[in-house]
Amino acid sequence: MRAGRVREMLHTIEREARLTASLTGRCCFAPAVMEALEEVPRDAFVPPELLNQAFANGPLPIGLGQTISQPYIVALMTDLLKPQPQHRILEVGTGSGYQAAILAQLVEQVYSLEIIPELAAAAAELLSRLGYRNIAVKIGDGHHGWPEHAPFDGIIITAAATHLPPTLLEQLRPGGRLVVPVGLPDMSQELLLIEKDAAGELHTREVLAVAFVPMTGGEQSGE
Ligand code: SAH
C-alpha cells in the first residue's frame, strides 16, 4: 500500500519532468536524486491529519503559515544543484526538514537555516530521530547565510526572495550552484539557477514559473 504510493509519486515526478523538459532543460532527473526521493519517508514530514496525502504531488501545510514543497519541485531543485557526495550545501528555509533530508542522502553535509524557531526545533528533532547525522539546523535569517561554514558547493533557497541576497552569492564557492525562486508573494515567481564560474562570474538561467511562500527577514534586519 505505502510502497505503491511511493512508486506512484516517483512516476508522477518522472511524468512531470518530461512534460516540463522544454522549460527546465531536464527531461529526467539524476538516478541518485530519484533514489533519495524513494528513500526519504515523506509521510514522516507531513502533519498526521494529512497522512493520506503524504505522497501526492502537491505542497502541504505544515503549520505557522508554511508548507512542505511539492515532490516534483523538490526533485527539480535538488537535480539543478547537481549534488555530489563530497558537497557541503546550505539550505535556507528548513520548514519540515524534508528537502534537507533529501539532500543529506546525496551530499556530505547539509546546513539548514530556518527563521521560525518552532519549525527549526521540530525539524531538528525529527531529522535526528530519523537518524540523520549530517544535517545541522539553526534558527536564523537566511539573508545572512551561515558564514562560519562558507563557502558552500551549493545553496538552495526554498522560500521566494524578492531579490538575490548578495551575502548568499558571496557564500557560494566558484563552480557552485544556487537555486532560488525569485518574485513577489502571490505574484508570478521564477525559479532561477545561478552558476558561479571558476572566475567568480555569475550566470543566471530562468528555469520555471513557481509559487513559494515568501522569504521573510532581510530588510527588517538590515540584511
Ligand atoms: N524546505 C522546506 C520548505 C519550507 S517552506 C521543506 O522541505 O519542508 C519555506 C520555509 O522558509 C518556511 O519554513 C519559512 O519559515 C522559511 N523562511 C522564510 N524566510 C526565511 C529566512 N529569511 N531565513 C530562513 N528561513 C526562512
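For ligands, and for the atoms within them, numbers begin at 1 and follow the listed sequence.
Looking at Leu169 and Leu164, their side chains come closer than 4.5 Å, going by heavy atoms from C-beta outward. At a threshold of 4.5 Å between non-hydrogen side-chain atoms, the residues Glu38 and Leu10 count as touching.
Judged by the 6.0 Å distance and 45° axis criteria, Arg42 is positioned over the aromatic ring of Tyr98.
Glu114 and Thr94 are not linked by any side-chain donor-acceptor pair at a separation below 3.5 angstrom, with hydrogens and angles left out of the test. Judged by distance alone, the side chains of Thr78 and Gln99 do bring a donor and an acceptor atom under 3.5 Å apart.
In terms of heavy-atom proximity, Ile194 sits nearest to Leu172 at O-CD2, 4.3 Å.
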Protein N/O near ligand 1 N/O, under 3.5 Å, which pairs?
{"unit_1": "ligand 1", "atom_1": "1 (N)", "unit_2": "Glu91", "atom_2": "OE2", "d": "3.0"}
{"unit_1": "ligand 1", "atom_1": "1 (N)", "unit_2": "Gly93", "atom_2": "O", "d": "2.9"}
{"unit_1": "ligand 1", "atom_1": "1 (N)", "unit_2": "Thr158", "atom_2": "OG1", "d": "3.1"}
{"unit_1": "ligand 1", "atom_1": "7 (O)", "unit_2": "Gln99", "atom_2": "N", "d": "3.0"}
{"unit_1": "ligand 1", "atom_1": "8 (O)", "unit_2": "Ser96", "atom_2": "N", "d": "3.0"}
{"unit_1": "ligand 1", "atom_1": "8 (O)", "unit_2": "Ser96", "atom_2": "OG", "d": "2.6"}
{"unit_1": "ligand 1", "atom_1": "13 (O)", "unit_2": "Glu114", "atom_2": "OE1", "d": "2.7"}
{"unit_1": "ligand 1", "atom_1": "13 (O)", "unit_2": "Glu114", "atom_2": "OE2", "d": "3.3"}
{"unit_1": "ligand 1", "atom_1": "15 (O)", "unit_2": "Glu114", "atom_2": "OE2", "d": "2.6"}
{"unit_1": "ligand 1", "atom_1": "19 (N)", "unit_2": "Thr216", "atom_2": "N", "d": "2.9"}
{"unit_1": "ligand 1", "atom_1": "19 (N)", "unit_2": "Thr216", "atom_2": "OG1", "d": "3.4"}
{"unit_1": "ligand 1", "atom_1": "22 (N)", "unit_2": "Asp141", "atom_2": "OD1", "d": "2.9"}
{"unit_1": "ligand 1", "atom_1": "22 (N)", "unit_2": "Thr216", "atom_2": "O", "d": "2.7"}
{"unit_1": "ligand 1", "atom_1": "23 (N)", "unit_2": "Gly142", "atom_2": "N", "d": "2.7"}
{"unit_1": "ligand 1", "atom_1": "25 (N)", "unit_2": "Ile115", "atom_2": "N", "d": "3.2"}

